[in-house]
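A short write-up of the structure that comes next.
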There are 2 protein chains.
Amino acid sequence: MSNAATAPATALTFEEKLDRLAEVAVRVGLGLQEGQQMVLTSTVDALPLVRRVTAQAYKAGANLVTTLLTDEPSSLLRYQYGRSESFDVAADWLYEGMAQAYRNGAARQAIYCSNPALLANEDPEKVSRANRSQSRAYRPAMEQITKFNINWNILAAATPDWATLVFPGIPVEQAVEKLWDAIFVACRIDQPDPVAAWKAHDANLHKRADYMNAKRFHALQYNGPGTNLRVGLADDHMWLGGGSVALNGAYCIPNMPTEEIFTTPHKNRADGTVRSTKPLSHQGTLIQDIEVRFENGRIVEAHAAAGESVLHKMIDTDEGGRRLGEVALVPHSSPISASGILFYNTLFDENAACHIALGQAYSSCFENAGNLTPADLAARGANESLIHVDWMIGSGEIDIDGVHADGKTEPLMRKGEWVTE
Amino acid sequence: MSNAATAPATALTFEEKLDRLAEVAVRVGLGLQEGQQMVLTSTVDALPLVRRVTAQAYKAGANLVTTLLTDEPSSLLRYQYGRSESFDVAADWLYEGMAQAYRNGAARQAIYCSNPALLANEDPEKVSRANRSQSRAYRPAMEQITKFNINWNILAAATPDWATLVFPGIPVEQAVEKLWDAIFVACRIDQPDPVAAWKAHDANLHKRADYMNAKRFHALQYNGPGTNLRVGLADDHMWLGGGSVALNGAYCIPNMPTEEIFTTPHKNRADGTVRSTKPLSHQGTLIQDIEVRFENGRIVEAHAAAGESVLHKMIDTDEGGRRLGEVALVPHSSPISASGILFYNTLFDENAACHIALGQAYSSCFENAGNLTPADLAARGANESLIHVDWMIGSGEIDIDGVHADGKTEPLMRKGEWVTE
């Protein structure tokens with residue numbers, strides 16, 4: 001690590017903090033290997049961070065950084081002027097190219113800073129068709145990521161649109177500054193030694209995952225307001241948290257921030273009702289107050305106070321869109337929850353609360369994961385889908401028990417906190 | 001055309017002129033077909049025009065616009081921090097993806113607004129290696145373009161870096177405004193009816209090309225200060241100018257502005273000396289006062305007052321880098337020449353003066369072009385190379401004669417102007 005990353009955080013300028021964030025992302029989060037290529041994605045609003053990440057990548061020995069920039073006002077023009085057929089196509093050639101880059105060994109660094117409400121006023125039918133087309137095109141690239149064939153990392157950048165949504169009613173410059181501060185805190189950039197802080201945090205997440213793996217629970221039982229849900233865990237499931245070694249040998253912590261441990265639920269064994277505890281920002285639409293009912297792993301009823309049609313279209317993407325692909329545990333006292341900020345951004349909000357994801361399972365959450373075929377994964381209960389959408393079901397009012405195969409239960413969380421240290 | 005394109009130009013706001021430029025580019029320049037996809041490339045500095053072009057493309061029936069944005073400060077970071085090996089690689093996956101998009105029928109719209117001096121202070125060795133790697137990766141996509149398998153168009157946008165170079169010594173906002181005005185004039189956006197103006201201009205270029213095609217000259221003889229050059233024309237060569245029908249059936253005018261008629265010289269039949277009359281901006285380096293000597297079509301001696309090492313590396317790209325791939329005639333009174341502005345941008349400067357290009361020939365400049373194999377093209381004298389670099393050799397002091405196969409000559413241009421109307 002350079003000096004910039006060990007100087008006292010209080011003495012740092014904004015530019016230095018940005019640089020430190022980029023360095024922590026590239027070296028600790030992504031674990032970029034010397035000689036490796038990097039594919040960097042971002043919106044143009046985050047260009048200052050894009051440049052810092054690019055610089056840090058080259059300093060860390062990147063062989064080439066290729067940046068794909070999205071301009072959100074340009075994206076909206078399709079909704080304004082595009083003909084109907086345009087929503088059923090995607091840039092297959094570009095996504096296939098990305099998949100090829102990953103197959104050839106490139107690491108993937110994403111800067112996630114989309115306007116959470118970008119598509120809020122667009123026709124949900126068009127939004128859904130465009131998302132579906134894009135998911136289909138993106139699938140080969142996403143497989144390289146979800147299978148952890150490569151090292152990858154997602155971090156965030158504060159942008160005016162996003163900051164205004166998070167901190168309404170104050171001048172936009174102030175909102176952006178507050179959001180950057182929240183990002184720096186959540187990513188431990190405010191710590192005297194962010195790298196040491198991340199190592200300690202990573203060890204802590206691993207300890208918690210080890211605890212759960214030793215228990216080998218058959219299911220989890222969630223109880224709270226509007227929630228009475230039993231989620232079966234996949235056979236041979238493994239809890240993961242913090243960093244892991246990708247199949248290319250690089251150690252990476254894929255999300256910054258991250259406060260969760262997570263594993264793969266069994267696609268056929270979720271039963272009961274569950275209520276969301278935070279709004280879900282899904283590809284430009286806010287879905288609020290979700291309530292769904294599962295039977296034998298499948299959503300048979302789904303409501304939302306806002307964005308219900310987008311929710312319905314999302315779960316209708318394919319058969320796996322109605323089944324669970326991830327279950328994650330986060331204490332209510334996590335730093336991101338403690339900030340009291342609703343980020344409208346899954347990368348943050350999922351680390352403020354226990355959550356579940358509909359859709360594609362991570363094939364890495366299994367014992368002996370590297371040797372399992374798609375058939376092996378399916379036999380163990382891993383779900384398949386074009387989508388993977390996390391949403392928050394935890395709060396200070398949720399109790400969670402671990403359920404053993406013989407039906408015996410053990411308390412895991414009470415009022416959103418771990419029962420054991 | 002929309003109303004915006006027929007309103008009096010003097011009454012137009014800057015935003016309206018930008019919109020008109022975008023509309024003329026998409027409908028007259030590119031000739032975008034309904035249902036066609038578009039690949040749009042630009043630097044982030046031209047986002048306002050990017051958005052206008054995107055809107056006009058969707059209005060014209062584009063099925064999807066995919067935009068690839070370059071951030072020049074990010075590009076410089078490779079030179080600042082990248083390891084040596086990084087200059088021998090390129091994003092092959094991305095360029096192959098673009099080629100695939102074109103093979104699948106996408107049109108190509110480029111907004112060319114790079115800082116002409118971006119790489120002026122970088123190591124020419126690294127610049128050359130990076131250019132070579134990129135040219136190699138880009139070749140499959142470039143073939144789709146040079147063979148006119150698809151319709152394509154290049155236009156320009158005024159950016160601060162470029163404007164400052166063109167108009168030094170005045171405030172940057174003024175420089176940008178002056179450069180935009182020059183672009184609007186060169187692209188006939190100042191005319192009452194730009195579409196009608198382009199049609200008349202296009203017809204005029206076709207008339208000039210038809211005249212030259214009827215003459216079937218064997219060679220051109222250039223005489224002027226520092227120049228005594230005979231350029232053989234390829235067998236079965238065809239002069240082209242203005243628009244043409246791409247092999248996908250779309251009528252496109254590939255360059256905006258365009259004032260040239262051009263054809264393919266014979267790769268083995270250039271002899272004598274030639275001096276450049278304007279600086280050449282080549283991928284971020286300015287090459288000034290070029291003087292080269294040809295023998296049997298091959299450059300055997302090359303000098304430049306500035307950028308000589310970049311010139312040498314450029315012509316050493318491959319065997320075809322030392323031979324001619326294009327010869328173009330532009331009267332010295334062309335509107336771009338008349339503006340008196342040195343643009344440091346080939347898209348403009350090549351339309352202010354007669355020019356030649358080193359490297360790859362356009363296979364479209366032949367009789368019966370669609371049916372010629374690579375072997376047929378080579379047999380007719382068409383050059384092959386990874387590069388295609390235009391440079392200006394015309395001025396008000398240049399005389400050009402057409403040379404027939406029997407050695408008889410006819411005056412074509414005197415002091416830079418056509419002899420015949």
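Quick note: numbers below take in every heavy atom, side chains included, and nothing from hydrogens, waters or symmetry partners.
Of the listed residues (B:Lys59, B:Arg51, B:Glu85, B:Glu34), the one with the most heavy-atom contacts under 4.5 Å to chain A is B:Arg51. Note on B:Asn104, B:Leu68, B:Asp88: by heavy-atom pairs under 4.5 Å with chain A, the leading option is B:Leu68.
The contact between A:Ala90 and chain B is made entirely by backbone atoms, counting heavy-atom distances below 4.5 Å. If you measure heavy-atom distances from A:Leu69 to chain B, the contacts under 4.5 Å come from both the backbone and the side chain. B:Val39 touches chain A through its side chain: at least one heavy atom from C-beta onward sits under 4.5 Å away, while N, CA, C and O do not.
Remark: A:Glu177 CD is loosely packed, at most 12 non-hydrogen atoms of other residues, nucleotides or ligands lying under 6.0 Å away.
For the pair A:Gln37 and B:Trp93, the tightest heavy-atom approach, listed with the atom from each and the gap, is OE1-NE1, 4.4 Å. Among all heavy-atom pairs drawn from A:Ala62 and B:Ser86, the shortest one is O-CB, 4.4 Å. When all heavy atoms of B:Leu64 and A:Val89 are compared, the closest pair comes out as CB-CG2, 3.9 Å.
Contacts between residues 120-157 of chain A and chain B, defined by a heavy-atom separation under 4.5 Å, are made by no residue at all. Using non-hydrogen atoms only and a strict 4.5 Å limit, the part of residues 71-83 of chain A facing chain B consists of A:Asp71, A:Pro73, A:Ser74, A:Leu77, A:Arg78, A:Tyr81, A:Gly82, A:Arg83.
Distance OG1/A:Thr66 to OH/B:Tyr95: 8.0 Å, rounded to 0.5 Å.
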